[in-house]
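Please read the structure below before turning to the comments.
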Amino acid sequence: MKEKEIKTVDIPAQKIIEKAKEEKIEIVWDRFEAQQPQCGFGQLGICCRNCNMGPCRIDPFGDGPLKGVCGATADTIVARNIVRMIAGGAAAHSDHGRDIVETLELTAAGKAQGYEIKDEEKLRRLCEEYKINTKGKDKQKLAKELASEIMKEYGMVKGEIQFIQRAPEKRKKLWKKFGVLPRSVDREIVETMHRTHIGVDADYVNILLHGVRTALSDGWGGSMIATELSDVLFGTPVPVESTVNLGVLKEDMVNIIVHGHNPLLSEMIVKAASDKDLIKLAQKNGAKGINITGMCCTGNELLMRKGIPIAGNFLNQELAIITGAVEAMIVDYQCIMPSLPDVAKCYHTKIISTAPKAKFPGAEHIEFHEHKAVDIAKEIVKKAVENFPNRIPEKVMIPGKPIKLIAGFSVEAILKALGGTPQPLIDAIVAGKIRGAAGVVGCNNPKIPHDYGHVEQVKELIKNNILVVTTGCNAIATAKAGLMLPEAADLAGDGLKEICKALGIPPVLHMGSCVDISRILVLLAALANALKVDISDLPVAGSAPEWMSEKAVSIGVYVLSSGIFTVLGTVPPVLGSLAVTTLLTKDIEGVVGATFAVEPDPKKGAQLMIDHIEKKRKALGLS
Ligand code: SF4
Ligand code: MSK
């Protein structure tokens, strides 16, 4: 098929890839090609660098060594490697969450410039969950107490993390039975690093069970904290219209792209961009104004709450610079290619890093601090505005027109669209108009044509009357393909089409950034609780057609461990151990009630999800 042979199905991106070729700019696909053939030991997960007697590698054909110097087998090595990936991903999400908690604390103390508590109702609801007495207390006092309670979740000394209580009773009992209830966020990550040290845990089942516990501390812990407290600070998303693709850049404006994952600075950048003096300066410099756009999940955060247009997902980041129209790309952390400053050198674009924990050689660093967030944001926007006259008009190419979309489907917004309860959704599922729901999420990966896996799989699902909820790079990919418009219901099967038209919603609902997969967990827990069943009984499935990051590994494992069958579009590095592969794709069903499947073909992957959903419907006695 033609799509499989090209680098991307994103048409504006194709034009910029051509431009990169003409201008001899090295981009991600060139480096991917230069890496071929990639290391077979690494692909199978059977190399170990956990101590200096190594590195060791296991011969997958059985002709060479079957054990590392210490005696570790392929099973041990593969299990250790994959849980270290989980720990990396859980750490990234959860540390992001911790940054939000700290800002909430500073906001409560009046020490965070420009921040306020936007969603007091959610703040009060969360306080009640944490058993904080809310009577007679103002939002400042409550925010202080909540931040202090939530901060304890990171290194708690007793009990389990609070949000785990949101899961259905059956699920909690199961997690307890298998000893995987997460005790605190940091503890599980630290214990993963301990267990995988030379000479500690060598039992692959025991190691993987701890991987489950670590991933749960992310999904029902760090990520959920990041989502909930971002809503408290910046507002809970409601449906909002916007636009997407590289065409959101404007030829006559100062273009600023905010990229990464954390909304703390980018929210302030949006504020700073409406500063009258900065707009005047932009006009003085020959631009009509200042155009803020997003990239990856920082983009998703701003899109969800403010309707800020989004320029693209993970594999669009270098291409955005190659348009020649970007005055500054402001980055925080996660999924930021270290190649950006090299690409930017060929244009006038400034790459500005802002997080003390994420610096990039060749980028300018302007450190972000909450106590003078607005001042810093203005300083950064000013740099971009002053850079506009340096733009080289002959190098500018904005490829095509943006696509419209509707985003902003928080759990609260979905329930509101349904009239306040999940019952209409349940009724539609029971009646068979909607066969079930699928969460399709995750990154881009040059191993798969950019966006092809996402778009084809989602189209196939909605065609078969499966409602799709999405976050992260899948959300951006499907939006670019026009699937986030109510009109896209015409591509859905008759039942889903009827429901979408009645509610005026698209068949693909944008639920936010990567940490917002926690919203999907909350929604599923609400559905399972309403039906008095476990999440694993619901006609739902998950998928990550183009995943690449460690965060995606953690997500995959907490989604699976929450009882959701999950299809992966790229192969995780576990095939070097038959035991680990069998456990993850088969035997784990007996533990968490779900398995992983690996299917690079997105349509076949969709079929696996559809079959699973139909199996679950049958088990529930639905037609
Ligand atoms: Fe080799 Fe064992 Fe050291 Fe790993 S921990 S590098 S397998 S000796
Ligand atoms: S941005 S983690 S590439 S989804 Fe959240 Fe996209 Fe994956 Fe990053």
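Counting starts at 1 for both ligands and their atoms, in listed order.
When His197, Arg57, Arg80 are checked for heavy-atom proximity to atom 5 (S) of ligand 1, Arg80 turns out nearest. Considering only non-hydrogen atoms, atom 7 (Fe) of ligand 2 lies nearest to Cys443 out of Ser549, Ala92, Cys443.
No donor-acceptor contact under 3.5 angstrom links the side chains of Asp201 and His194, judged on distance only. For the residue pair Thr470 / Thr478, no side-chain donor-acceptor distance below 3.5 Å is found, with atom types taken as modelled. A donor-acceptor contact closer than 3.5 angstrom links the side chains of Glu546 and Asn444. Side-chain contact of Thr236 with Glu412: a donor-acceptor pair under 3.5 Å is absent, judged by distance alone. For the residue pair Thr354/Asp332, the side-chain donor-acceptor check at 3.5 Å is not satisfied. Using modelled atom types, one finds a donor on one side chain and an acceptor on the other under 3.5 Å when comparing Gln457 with Ser543.
Close contacts between ligand 2 and His261 involve ligand atoms 1 (S), 5 (Fe), 8 (Fe) [criterion: under 4.0 Å to a heavy atom]. Near Cys56, meaning under 4.0 Å from any of its heavy atoms, are these atoms of ligand 1: 1 (Fe), 6 (S), 7 (S), 8 (S). If you number the atoms of ligand 2 from 1 as listed, the ones under 4.0 Å from a heavy atom of Cys296 come out as 1 (S). Within ligand 1, the atoms closer than 4.0 Å to a non-hydrogen atom of Cys70 are 2 (Fe), 5 (S), 7 (S), 8 (S), numbered from 1 in the order shown. The atoms of ligand 2 that sit less than 4.0 Å from any heavy atom of Cys473 are 1 (S), 3 (S), 4 (S), 6 (Fe). For ligand 1, the atoms lying closer than 4.0 Å to a non-hydrogen atom of Gly54 are 6 (S).
Relative to the ring axis of Phe234, Arg305 does not place its NZ or CZ within 45° and under 6.0 Å from the centre.
Nearest protein heavy-atom contact of atom 6 (S) of ligand 1 is Cys48 O, 3.4 Å.
With a 4.0 Å heavy-atom cut-off, ligand 2 is reached by the side chain of Cys335 but not by its N, CA, C or O. Under 4.0 angstrom from ligand 2, there are no non-hydrogen atoms of Gln334.
A salt bridge is absent between Asp218 and Arg213; no separation between the charged side-chain nitrogens and carboxylate oxygens falls under 4.0 Å. Salt bridge status for Asp99 with Lys357: present, with a side-chain N to carboxylate O gap under 4.0 Å.
You'll find the side chain of His261 stays beyond 4.5 Å of the side chain of Asn300, heavy atoms only.
Put simply, no part of Lys67 is less than 4.0 Å from ligand 1, judged by heavy atoms. Contact annotation: Gly442 has at least one heavy atom less than 4.0 Å from an atom of ligand 2. Under a 4.0 Å heavy-atom criterion, Met548 is in contact with ligand 2.
With 2.8 Å as the limit, Cys51 does not count as an N, O or S neighbour of atom 2 (Fe) of ligand 1.
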